[in-house]
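These numbers come from a predicted model, not from an experiment. FYI, the numbering just counts along the sequence from 1.
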Amino acid sequence: MTNKIAIMYDFDKTLCTKDMQEYGYIPKLGMDASTFWSEVSKQTKEKNMDPCLSYMYYMLKQSQKQNRPIKRNDLFELGKDIEFFPGVIEWFKRIQEIGNQYHVEIEHFIISSGLKEIIEGTSIASQFKKIYASEFHYNEEIADWPNMAVNYTNKTQFLFRINKGTLDIWDDTINEHVPNESRYIPYHNMIYIGDGMTDVPCMSLVKKYGGHSIAVFQDDRGTCDKLLSQQRVNFIAKADYREGSTLDTLLKQIIQKITLDNSLQEKHLEQVNQICHK
């Protein structure tokens with residue numbers, strides 16, 4: 001049995017307080033957030049576009065219109081403006097200490113429709129084993145095309161990659177058969193934390209296969225209550241990552257449960273093997 005646990009996070013409104021483009025990028029365009037997203041939504045419907053490709057295309061259009069090319073380093077620098085929910089900065093060290101207590105290795109992953117370049121510029125980027133997010137392709141440091149678009153349903157592909165340990169996007173061996181006992185991190189060792197409807201496919205899949213899904217909210221808990229009542233998530237909690245918070249306590253209990261369940265499973269397999277070899 002593996003001694004690894006994967007905690008996977010959405011980013012916008014899960015770890016940070018609003019969509020990441022709203023901290024620095026949109027104001028630099030001379031626009032407000034509601035206008036920016038309204039224009040993106042209008043374009044998405046008129047052109048029948050994927051929502052993630054639509055916002056990335058709109059960014060490219062605006063950069064050309066304003067003669068402000070999108071540069072990788074500029075997006076990276078925007079990561080410094082990100083405002084996190086209470087306790088996020090200290091969260092990872094504390095969770096690892098909990099893992100050490102139960103002799104399990106905790107690996108953190110981002111699965112986000114936001115921009116990878118901005119996330120990589122944040123103070124917490126180094127805490128993640130992998131950051132799966134939308135990103136641009138660059139020609140001499142100038143964004144010219146989407147390199148990756150991570151939308152609602154295709155987020156689930158990264159759960160399969162984490163499950164099998166096929167972590168690189170280019171690696172098409174993801175489709176090869178891997179026995180359950182040989183998988184990198186089984187689904188029942190997974191915890192997914194997201195904020196709403198865009199995370200439903202991932203939260204539902206993790207829950208269905210024996211993992212744990214948590215929907216977090218900032219002020220309005222209406223969406224999270226709906227997801228819980230529909231049994232699409234296991235738990236809901238306020239997006240408060242400080243020690244002693246509901247979310248903090250919940251994670252400790254889930255990690256404890258996973259390690260206990262795995263220990264019982266190992267003992268059961270040992271007993272079965274002993275019987276079979278008599």
Handout entry: Qualifying salt bridge (Lys or Arg N to Asp or Glu O under 4.0 Å) pairs, either residue in residues 23-35, two or more places apart
Key =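 Output for this query is empty, none listed.
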Exercise for the section: Answer yes if the ring centres of Tyr58 and Phe36 are under 6.0 angstrom apart, and no otherwise. Expected result: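 Yes.
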Handout entry: Distance flag, aromatic centroids of His108 and Phe92, threshold under 6.0 Å
Key =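 Yes - the distance between ring centres of Phe92 and His108 falls below the 6.0 Å cut-off.
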Close side-chain approach of [X] and [Y], heavy atoms under 4.5 Å:
| X | Y | value |
| --- | --- | --- |
| Leu227 | Met203 | yes |
| Gln101 | Ile255 | no |
| Phe160 | Leu205 | yes |

Exercise for the section: Keeping the roles fixed (side chain from Ser134, backbone from Val150), state whether a donor-acceptor pair exists under 3.5 Å. Expected result: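 Yes.
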Practice task
Could you tell me the separation between the OG atom of Ser54 and the NZ atom of Lys61, rounded to the nearest 0.5 Å?
Solution key: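 Separation between the atoms: 8.0 Å.
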Problem - Minimum heavy-atom distance Met8-Leu159, with the two atoms named - result: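 Heavy-atom minimum between the residues: SD-CD2, 3.3 Å.
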Practice task
Under the side chain to side chain contact (heavy atoms under 4.5 Å, CB included) rule, what do Gln231 and Lys207 come out as? Steps first, then yes or no, please.
Solution key: CA-CA 9 Å; Gln231 300 183 13; Lys207 180 177 182 291; 4.2 Å; yes
Exercise for the section: Give the intermediate values and the outcome of side chain to side chain contact (heavy atoms under 4.5 Å, CB included) for residues Tyr132 and Ile169. Expected result: CA-CA 9 Å; Tyr132 295 117; Ile169 300 300; 3.8 Å; yes
Handout entry: Plane angle bin for Trp37 and Tyr55 - parallel if under 30°, tilted between 30 and 60°, otherwise perpendicular
Key =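 Perpendicular: the ring planes of Tyr55 and Trp37 meet at over 60°.
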Practice task
Could you give me the CA-CA distance, side-chain angles and deciding distance for Val216 and Cys224, then say whether side chain to side chain contact (heavy atoms under 4.5 Å, CB included) is met?
Solution key: CA-CA 7 Å; Val216 296; Cys224 292; 5.8 Å; no
Handout entry: Pair Gln62, Tyr57: side-chain N/O donor-acceptor within cut-off below 3.5 Å
Key =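 There is no such pair between these side chains.
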